[in-house]
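Notes to accompany the following structure.
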Amino acid sequence: MALSTSASSTTALVTVFLLLLRLSSALKQDSGSDKLPKSDIDLLEFPLNLEYFEAEFFSWGALGGGLDTFAPNLTMGGPSPIGARKARLSPLIKDIIAQFALQEFGHLRAIQKTVPGFPRPLLNLSAESFATVMNNAFEKPLQPSFDPYANDINYLLASYVIPYVGLTGYVGANPKLKSPTSKRLVAGLLGVESGQDAVLRTLLYQRAFVKVYPYEFTVAEFTDRISSLRNKLGKKGLKDEGLIVKPVQGAEGRISGNVLAGDQDSLSFDRTPEEILRIVYGSGNENQPGGFYPKGGDGRIAKSHLRHQIRNF
């Protein structure tokens, strides 16, 4: 009798264990990216291209090293960036940029925890790469060549070049997302990215009428030229504005100061992945990599355009 009871108890325990194991397996399969629509995964992975850029540029600029030094697990084995180096920054700007760098580490981790992600793409963060952008913005070679790592103003202007583009990408992706998990993640990312953009624009706005040595152009003129170039490359009209605009373009059509860029209702501009690729490649063509991404971006969206380039070759 006792033997029968013991056997029954053992059988019951085994049954419970198997049920718990099956439940655990089911929960695991239903977690993370498995429960996200494929379209959401694509839209969440694409920003990694920009987040890798920001993490590396800010980290190198302030700390003298990038993800390979401070968070190698986040690279997922991708190649080290080209030409990145420590900038000559004042204590205040260095502290702010260091905070941005660490925030970007968190952004990478948050996205990688939600979707499979992809390895860090090859990034060209050399002074020459930024100088090319500035030359294109002014439609002539600047002499001497623009050096993003030279001082506070140059580094802040270089920081103006790409991070805002990622912000507009999050604005554009948000209404296309289907899962609450995806929307929550993008809202969290967008909040901090918007804050970073506001800080950068404020720091530049404080220096708006300062000439960028040794050029004859002011900080405000640089931001206007960079924004105009991004509008031109994006090919979707006005989605970018410098620090000083015509009063009719300012908030409520009443002011020329433009510390935050926005549309006629002061809402953030949006961009599609294709517009972003045209800008960060510097080619105006989502199928033609170059600029900061010599081999192009990664993820299904970016790769689909690279495949299109190969077919047309």
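- Here the side chains of L200 and Y160 are not in contact, with every heavy-atom distance at 4.5 Å or above.
- Between F130 and Y149, the ring planes lie perpendicular to each other; the angle is over 60°, past the 30° to 60° tilted range.
- No side-chain heavy atom of R201 sits under 4.5 Å from any side-chain heavy atom of Q196.
- For the pair R300 and F46, the NZ or CZ position fails the cation-pi test of under 6.0 Å to the six-membered ring centre and within 45 degrees of the ring normal.
- Residues S90 and D152 have side chains that bring a donor and an acceptor to within less than 3.5 angstrom of each other.
- Inter-residue side-chain proximity for I96 and V199 is flagged as met; some heavy-atom pair is nearer than 4.5 Å.
- Side-chain contact, N124 with S126: a donor N or O sits under 3.5 Å from an acceptor N or O.
- Residue K211 qualifies as open at atom NZ: its count of foreign heavy atoms under 6.0 Å is 12 or below.
- No donor-acceptor contact under 3.5 angstrom links the side chains of S59 and E56, judged on distance only.
- Between F222 and F138, the ring planes lie perpendicular to each other; the angle is over 60°, past the 30° to 60° tilted range.
- Side-chain contact between P289 and L306: present, with at least one pair of heavy atoms (C-beta onward) separated by less than 4.5 Å.
- For the pair E51 and R109, the minimum side-chain heavy-atom distance is 4.5 Å or more.
- By the 4.5 Å heavy-atom criterion applied to side chains, I276 and I279 are not counted as neighbours.
- Looking at heavy atoms from C-beta onward, R120 lies in side-chain contact with D68 at the 4.5 angstrom threshold.
- A donor and an acceptor atom, one from each side chain of H107 and E54, are nowhere located under 3.5 Å apart.
- A heavy-atom distance below 4.5 Å is found between the side chains of S182 and L36.
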